[in-house]
Amino acid sequence: MEKLRRVLSGQDDEEQGLTSQILDASSLSFNTRLKWFVICFVCGIFFSILGTALLWLPGGIKLFAVFYTLGNLSALASTCFLMGPVKQLKKMFETTRLFATIIMLLCLVLTLCAALWWHKKGLAVLFCILQFLSMTWYSLSYIPYARDAVIKCCSSLLS
């Protein structure tokens with residue numbers, strides 16, 4: 001009965017598929033994974049700042065949208081080094097962060113669409129703002145009670 005409970009709750013590692021085992025297991029040492037996490041995260045910050053700086057150039061909205069989105073993707077991908085890509089995807093699509101994940105990924109795509117294909121500067125900036133907010137809300141989901149604290153702070157400021 002205990003084995004059935006572990007399988008149903010997703011805690012049984014013996015019954016994982018081969019692909020899942022390969023993607024979940026990392027041959028990198030903890031120090032290497034930590035170094036690559038820092039490298040990707042710093043690159044993400046750098047790309048976001050670079051995109052913001054390029055916004056003020058003539059026609060820089062396209063560069064801004066691309067670099068800002070690339071920065072967010074790099075920061076998001078950096079956590080794959082800490083927990084592995086399969087575990088990262090599983091956590092992203094848990095019920096507690098499903099809505100935030102969908103909005104975040106949608107904003108990433110819509111930012112690029114607005115800047116590169118639709119040529120709507122205002123929409124691109126709006127989607128970048130929504131991208132920032134959704135990425136923040138997604139990140140807060142990993143900190144216990146952080147979302148509740150933010151909601152309480154905002155509601156107390158508004159009332």
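Position 1 is the first residue of the sequence; numbering continues from there.
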Heavy-atom side-chain proximity of [X] to [Y] below 4.5 angstrom:
X    : Y    : result
S48  : F67  : no
L133 : T136 : no
F37  : T79  : yes
Q88  : L82  : no
K62  : L54  : no
M92  : K87  : no

Return the [atom1] to [atom2] distance between [X] and [Y], rounded to the nearest 0.5 Å.
X    : Y    : atom1 : atom2 : value
L126 : C107 : CG    : SG    : 8.0 Å
R33  : C80  : CZ    : SG    : 12.0 Å
L70  : F47  : CG    : CZ    : 5.0 Å
L89  : M83  : CG    : CE    : 10.5 Å
I102 : R97  : CD1   : CZ    : 13.5 Å
T69  : F64  : OG1   : CZ    : 8.0 Å

Set of ring-ring contact (aromatic ring centres under 6.0 Å, His included) partners for F127, sequence neighbours left out: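 So F127 forms no ring-ring contact (aromatic ring centres under 6.0 Å, His included) with any residue.
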Residues two or more places apart in sequence or in another chain: which of them pass ring-ring contact (aromatic ring centres under 6.0 Å, His included) with Y142?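 ring-ring contact (aromatic ring centres under 6.0 Å, His included) check on Y142 returns Y138.
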Can you give me the closest heavy-atom contact between [X] and [Y], atom names plus distance?
X    : Y    : answer
I103 : S134 : CG2-CB, 3.8 Å
S74  : G44  : OG-N, 3.5 Å
V66  : L112 : CA-CD2, 3.9 Å
A146 : L140 : CB-O, 3.6 Å
K152 : S155 : O-OG, 3.0 Å

Is there a path from [X] to [Y] through hydrophobic residues (I, L, V, M, F, W, Y) whose side chains come within less than 4.5 Å of each other?
X    : Y    : answer
L130 : F99  : no
L55  : I129 : yes
L123 : W117 : yes
L105 : M135 : yes
I151 : L157 : no

Answer yes or no: are there more than 12 heavy-atom neighbours, outside W137 itself, under 6.0 Å from its atom CH2?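 Yes - once you tally the heavy atoms of other residues, nucleotides and ligands closer than 6.0 Å, there are more than 12.
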For F46, does the CZ atom sit with more than 12 other heavy atoms under 6.0 Å from it, leaving out its own atoms?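 No, because the 6.0 Å sphere around CZ of F46 holds 12 heavy atoms or fewer from other groups.
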Between S141 and T96, does a side-chain contact (heavy atoms from CB on, under 4.5 Å) hold up when you go through it step by step? CA-CA 7 Å; S141 71; T96 56; 5.5 Å; no
I would like to know whether Q131 and M104 meet side-chain contact (heavy atoms from CB on, under 4.5 Å); could you show each step before the answer? CA-CA 6 Å; Q131 194 180 128; M104 177 186 58; 5.8 Å; no
Students often mix this up, so state it plainly: with edges at 30° and 60°, are the rings of W36 and F81 parallel, tilted or perpendicular?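 It falls in the parallel class, under 30°.
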We want to know whether T32 and S29 form a side-chain donor-acceptor pair, criterion being a heavy-atom distance below 3.5 angstrom.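 Note: T32 and S29 side chains meet the donor-acceptor criterion.
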Qualifying residue, where the test is side-chain contact (heavy atoms from CB on, under 4.5 Å) with L106 and the options are V109, L108, L110: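 Of the listed residues V109, L108, L110, the side-chain contact (heavy atoms from CB on, under 4.5 Å) partner of L106 is L110.
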